[in-house]
Each structure stands twice: as C-alpha cells, then as structure tokens.
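The block underneath contains the structure these notes are about, expressed in structure tokens.
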Amino acid sequence: MGQLKLNDFSITAIDPKQSDYLESIFYHGNGYMGARGFACEDTSIRPHQKGIYMAGMFDFLKDGITDMVNTPDFLGLRVLFGNGDKENGSFTISDFSQSLDLHDGVFSREYLMQGGDQTLHVRISRFFSLHDVHVVGVRLEITPTNFSGLVSCIASIDTISCNLPVNDDQVKKNNQCVNYMDILFKTPLEKGCLAVLETKSTKIGLAEAFAIQCSSNISHTSTYYSDSDGRISRIDTFNVHKGETYCIDKLISVFTSRDIDKPLIKNYTIEKLNACCEKGYERLLEENRSEWKNRWETADIEISGDPKAQCGVRYNIFQLICNNSQDDDHVSIGARGLTHPRYKGCYFWDTEIFMLPFFIHTNPTAAKNLLKYRYNSLPSAREHSRRMNTSGARFPWMTSFDGSEQCESWDTGACEMHITCDVAYAFDHYIRVSGDLSFLYDYAAEVYIETARFWASRFTYDPDKDRYNLLFTKGPDEYCGVTHNNTYTIYLSIYNFQLALLTTEHMKKACPACLDELYRKIGFDSDEIEKWLDIIKKTEINYDDSKKLFIEDDTFMLLEPLKISDYKKDNTPLYHQICFDRLQRYRVLKQADVILLMTLFPSHFTDEQKNAAWEFYEPLTLHDSTLSFGTHALLGAQINKMDKAWDYLTKSLYLDLDNIMGNTGSEGLHVASLGATWQAVILGFAGVSFSNGVIDVNPRLPETWDHLKFTLLIQGKKVSFSINKDNWDMKILE
Ligand code: BGC
C-alpha cells in the first residue's frame, strides 16, 4: 500500500502557542470515541482542552439545546523518577518527537526525561481500537540510559472533565466552563481502577476502567491507589536497570448506556477489561492493525509523483474513518466530528452532501447507518414540520442525539431548509450507487414521501401567475439573507418530489406489498400526488437564457457589488470585519451555491451552463465556509479550469494540516472539507462518473501527479481504477 506514516507530520517540539492546533490535527479515534492529540502525561488543569469525545454523548446545555460532552480522561499515564509518593523534583524534556501513524492510528510521543543526573528515555503510544471500539491501549516504554534505581508510574482516570461551550455566533467568545457529568462512583480494581458516571440531564451512563500490565523483566517495589481531586490513580514503583527497556501497558475499556442497559455497563466494562488483559497489548494492537488494513484496502488513494499530496489525501481519509461510528445508526458525524465541540457537536447537511459519498463508495455499512440516523429521526422531523406549520417531515438544520432543532439563530434555522432535500438526495445517491433496493423499500421510500409532503406544504401558490414560489428561504450561500426561490433549494426539492413519485410508481410494480405496508403506516391520499405534479410543472428556476446563467435567487441581482480585494486579505471569514446584516446586502457568496448544485447533478447541466456559473459566481465567492474550496476544486477540474482547480484543491486538502482558516486549533477539524477533498480527487481530478449504470472516467490529473490508484464500491462490486495522465484502466475485482 505504500508508506502511510506521515513523516512530514511528526513534530519535534511543541510550541505552547500551537498546542491547540497540534491537538486538533493529532486527533485520533475509532468513531465510537476519540481523543484530541493531548499527552497522556498531561497533568495540567485544563480539563476542557483534554478532549475525549464519544459519538452520541450529548447533554443539555440549556432548555432544548444540547452540547457534545467532553468525557473524563482515562488516558492518564506518566512516569516519575523515584517514588511516586513524593513526586521527585522537577525534570526537563529533550529530544522530543510526536507522530501519528496513519496505518493503524497509533499516536506516539518520544523524548528524554532528565531529572538531576538521571536520564530516562520515554516512548508512549496509544490507539483506539478499530477492531473493538470499546478498547483503548496505551503503552509506556522506558529505558534508564544512565542509572539503575526507582521509577514510578502513575495511571489514572481524571473524572473532572468539562466543556467550554462554543457560541453559535462565531464572533462571540465564551470562557464559562460547564460540567456535564456526575460521578456515580470510582473504585480501585485488582489491577487498575473503575469510574462510573452519568450525564447530568440526559442520564447517559458511562463506565471507564483500566488495568496495568507490565513486562516480565520489571520488579515491583510497591503499588498503591490514590483518590483525590476527582482523579483516581494507581501508582506503581519499580526497580529498573540501566540500559534495559520496560513496558507498562494500560488497557482500557469503555461502555455507555447507549450501548447496553445502564445497570449492565459496569459489568460489561469489567468483562471487556478482563478479556483485554487476557489478550494483552500486543494482540489488541494487532487486531486494531488488521482492521485498519481492511479499511485501507478499500479506502486508500495512491498518488505517485507528489508525496505531499499523497500524505494529505491519506490524512483526509484517515480522519473521515476516525470520526465515523460505522455501526451506530443513531448518530451522524458532527461538523467537527469528535475533534472539537464547535457547533456543540451537531450534525448538519455536511454529512449527507460532503462526507457521505466517501462512505457510499468505500464502506456501505457506514453509509447506511448514517442514512438510518436520519430515518430514525423521522419522528422528530415530523414534529419539527408540525411546529413550523407545515406537513410531512422537515429535517432540522442542526441536530444531535434526538433529531430536534439545535440551531439558535432564527434566520438560519427557519430558512435554511435545503437540508431536507439534501437528505432525500443522499438516500437516492446511496441507492443509485449501491443498487440496494431493499434499502429503498424499507427506509428511503418513507423519507421521500414524508419530505415531499413537507415541500408540498412549503411552496406558495401565486394564482395571478399560476406558479409556485419558495418564499423566505436561505440557500447554501448563507450571505444571501432570507430570500425567495433559491435555485439550489428549488432544484433539489423538485428532485425530492420526483424521487417520491418515481419510487411509488416503481414499488407499485416491483413490491406492491411493501407499498401497501408503507401507506398503512404513513397514510396516502391520491390528491397529494396531483399536487406534487402541479408544483413540478408550475415552478420556475431562475435562469437567464441569454447568458446561460442560473441565478442564485430572486434578490441576488439586486445586491450591491463589493470590491472584495479591499477587505479579503487572507482566508479569515469576512464576518469578522463586516456584520451579517451588512454582508447579506453585498453581492458576495459565503460559499458555493449554484456551483455546488452543478456538482451534485453533473449530467443535468451543459458545459456552457457550468462555465457561465463559474465565470459569474467564482469571483464573487468568499469561501468563508470551508465547504466551498473542495466544491470549487471539483467543478473547476470538471470544466478544465485546472490552475484554479488545483489552487482550490490545495486549500481543501491541507485545510487543517496547514491551518488555512486559522481556526483548526480553536474549532477542530473541518470534516466536511475532508469529504469534499475526496470528491474533488475522485470525481474531479480522476474524473470518475457513474450515471445510468455506466462508469466513465475522464482524468485531468494535476501536473505533479503521475498516477492515481484507488478502488470504489459500485453496484456491490469492488472496482479498481488505475489512472495515468492520458489513459486509464478499470477492473472489477469482486
Ligand atoms: C456553513 C454551513 C455548514 C456549517 C457547519 C457554516 O459555516 O455555512 O453550510 O453546514 O458551517 O459546517
């Protein structure tokens, strides 16, 4: 598979000013849970920064509004000279390096510890098992280089964790920490410790336990436990000999009451811990490695000719995997995944439009579960629609564990309704690529019909013009204000009606019993079909035929031009300089809108229309959302604007690694951009398309790339692609 270890990515010093940024990019996990790249040895009191987040772990910040809970730090493991009892004086660190191995998700730090005239070589590594998501392994390897004597090792669970809730308003800063967890009890175990906690209002139980195992060459002199300041620790003191290397392993197991009944979480955690102790660190690591190997076999993209881009692409893929809880159909992926509680960990359309294509083509189980999250939240979507005085199901703009609306800003929450047709589009995207008809009958059909019902009640009929309008909407470009007839939203909502119509027609013939059962569940009225057809017929898309230009919405052309170069000096979003009210009266776009639409339906638009959209919108787009760069790279490559496409790709590709927006540290990884990058590479530069059962490839490789190799799952088959600058080859593997 080639070299995955990111040599460029290992660092040899931590500049305190960069610690937030480094902790974000060194995030690693298994999607069920994950940790920012803080040190296991970190004992400083900054509990909100030592982030360990778990999928679906939310608690209420205030009435109706949840936050993604920062869970207690179970990773703590450190070594001290002498007897840990009296933390022997100060020590200095030198020869430091830190790396994240993308092969297997192992995060390691290595350094020399100097205390008086004693030097200890320390290497500490950890992984969140992808094989068994409830398991974490930490290994401390120590070598006294110039002394023999006592060293102590302190392993702990730090139960005092807290969040620093992030305001939705990006301009406001908060410095009030909130603690979401009650400690139910903590206790020493034979070889470690156990803590059982519960979220304060959602009452999600959490059990964390660890056990210590040491290499056979080490001799214990004492072991004792301490329980103070919320930290429960086991302290082992060892006799070590100069030049010998010793391993101290901390094996960890974690369960929540999201996985099993609350009274059982303690028992499950201890049973799992015992099983881990029987296996030992090496075997657990091996199991983790072999699962990563399986994932990489389908997910990898090999790029020859450009080692930096190779590294960046693999980093993007790695982080998509680390933020997805593939077997859980009650969670999605937050805008910052599990890397940071920005947006309070909420799920957006980011998943369906930007991340999902990667999973559709590399991990159908994960893709289906992401879609099932939406299916499972249909009751909340119905309730949301009812509250907004519409029918059917309307998916809220921002959601967490229960699918209720989490957006606190009225204009965005109430008007950015395209998420509902984005969800329908995503179901269809999965079914088109996979051919999975049972998923269509069992899940998608209900979503299509219920969302079509919402749209039917949201369009407004104008009897004078005998046409329908979609009034008071906001498209993907959030700087457009609240306006009418956003082209993106109309196009996708019409597609949503068509999905409902075509699916019911198809089911009438292919599976009438399934359709009858569905109608029994959600009702049926033949008049509604008439209404959907009427809306399709009488809704116009804003289009200037003379220029072949799709217009973003009804008011876009009325907006005041802005000389962008006077304001935009770097990638910092303009809302830091100009308030939203003013911004929405300028003719600028926050992010791709019409251009995004064209990437979702590549065969629906002519090259002339795509070029016209590019020439008009690209110069007006500020890319104040990181969702925008990858989309521009994709369309740019598809219409052969290769220089621009490459510029956009490099922004999207290195967005977090190069801290392009300057907020990777303070906000975590931009997961949608990771997915948009994947799409730009596969659908843009490699030029793969799949339409009406036909796979086509139209490569436009960047100058520095000699060759691209990857596999995609299409119609249940694994298809391998090998692409050079002027030719390509495709093989169906299984
Ligand atoms: C973007 C939205 C996006 C959200 C979360 C906002 O800045 O405008 O499109 O869904 O961030 O990533």
Side-chain angles (χ1 to χ4, degrees), residues 24 68 166-172 319-320 323 332-356 370 374 395-400 405-409 411-423 425-426 473-483 486 488-489 492 552-553 571-576 578-580 583-584 588-597 599-600 617 621-632 651-652 655-656 660-664 666-677 679:
S24 286
M68 179 168 79
V166 189
N167 212 299
D168 274 4
D169 180 343
Q170 278 126 314
V171 183
K172 287 190 190 148
Q319 288 298 359
L320 281 164
N323 281 285
S332 185
I333 305 174
R336 300 292 180 269
L338 299 175
T339 73
H340 196 277
R342 170 86 181 106
Y343 293 117
K344 305 188 205 82
C346 279
Y347 315 136
F348 291 76
W349 69 311
D350 299 33
T351 308
E352 284 73 20
I353 298 299
F354 298 91
M355 307 170 202
L356 189 73
L370 289 169
R374 292 295 182 190
F395 289 99
W397 177 238
M398 283 169 72
T399 55
S400 66
E405 178 62 275
Q406 295 296 309
C407 181
E408 294 180 85
S409 104
D411 61 334
T412 310
C415 306
E416 202 158 350
M417 62 195 71
H418 61 84
I419 184 164
T420 296
C421 40
D422 297 329
V423 169
Y425 174 91
T473 48
K474 195 187 252 309
D477 164 23
E478 292 183 344
Y479 290 169
C480 66
V482 175
T483 181
N486 169 258
Y488 174 97
T489 313
L492 268 99
E552 185 177 297
D553 54 52
N571 292 310
T572 313
L574 219 57
Y575 52 71
H576 289 292
I578 304 177
C579 80
F580 267 89
L583 261 178
Q584 59 194 4
V588 288
L589 288 82
K590 181 179 182 193
Q591 63 201 89
D593 195 299
V594 170
I595 282 184
L596 174 63
L597 172 66
T599 65
L600 298 185
Y617 293 110
T621 307
L622 299 168
H623 312 289
D624 283 358
S625 157
T626 56
L627 276 52
S628 199
F629 298 123
T631 306
H632 278 78
K651 288 207 168 126
S652 189
L655 191 95
D656 289 308
I660 302 259
M661 302 300 271
N663 63 7
T664 293
S666 59
E667 298 197 0
L669 301 183
H670 300 77
V671 189
S673 170
L674 305 170
T677 303
Q679 294 188 58

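Whatever order the structure lists them in is the order used to number ligands and atoms, beginning at 1. Since this is a predicted model, take the numbers as computed values, not measurements. Along the sequence shown, residues are numbered consecutively beginning with 1.
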In ligand 1, which numbered atoms sit nearer than 4.0 Å to a non-hydrogen atom of [X]?
X	value
D350	3 (C), 5 (C), 10 (O), 12 (O)
W349	2 (C), 3 (C), 9 (O), 10 (O)
Y343	4 (C), 5 (C), 6 (C), 7 (O), 11 (O)
A335	5 (C), 12 (O)

query: Quick one: does ligand 1 sit under 4.0 Å from the side chain of T626, the backbone, both or neither, non-hydrogen atoms only?
result: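 Neither part.
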- request: Mind checking whether W397 contacts ligand 1 via backbone (N, CA, C, O), side chain (CB onward), both or neither, at a 4.0 Å heavy-atom cut-off?
  value: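 Only the side chain of W397 comes within reach of ligand 1.
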message: Can you confirm, on distance only, whether ligand 1 has an N/O atom lying under 3.5 Å from any N/O atom belonging to E416?
response: no
message: When you compare ligand 1 with K590, is there at least one nitrogen or oxygen pair between them that comes in under 3.5 angstrom?
response: yes
message: Restricting to side-chain hydrogen bond (donor to acceptor under 3.5 Å, both in side chains), what partner residues turn up for Q406, sequence neighbours left out?
response: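 Q406 satisfies side-chain hydrogen bond (donor to acceptor under 3.5 Å, both in side chains) with T66, S404 only.
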- request: Kindly compute the distance separating CG (L627) from CG (L596), expressed to the nearest 0.5 Å.
  value: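 Between atom CG of L627 and atom CG of L596 there are 8.5 Å.
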- prompt: Roughly how far, to the nearest 0.5 Å, is the NZ atom of K651 from the OG atom of S673?
  reply: 12.0 Å
query: Given E552, which of T483, L589, I595 fulfils the side chain to side chain contact (heavy atoms under 4.5 Å, CB included) condition?
result: L589
field: Residue selection (non-hydrogen contact nearest atom 2 (C) of ligand 1) among H418, R342, E478
entry: E478
Test side-chain hydrogen bond (donor to acceptor under 3.5 Å, both in side chains) applied to N663 and H340, R342, H670, the passing residue: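 Among H340, R342, H670, the one that satisfies the side-chain hydrogen bond (donor to acceptor under 3.5 Å, both in side chains) with N663 is H670.
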query: Measuring from the heavy atoms of F354, does anything fall under 4.0 Å of ligand 1?
result: no
statement: Closest heavy-atom pair, R336 versus N323, reported as atoms and distance to 0.1 Å, is O-OD1, 4.4 Å
message: Can you list everything that forms a side-chain contact (heavy atoms from CB on, under 4.5 Å) with S628? Sequence neighbours excluded, please.
response: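 So S628 forms a side-chain contact (heavy atoms from CB on, under 4.5 Å) with Q591, A592, T621, H623, H632.
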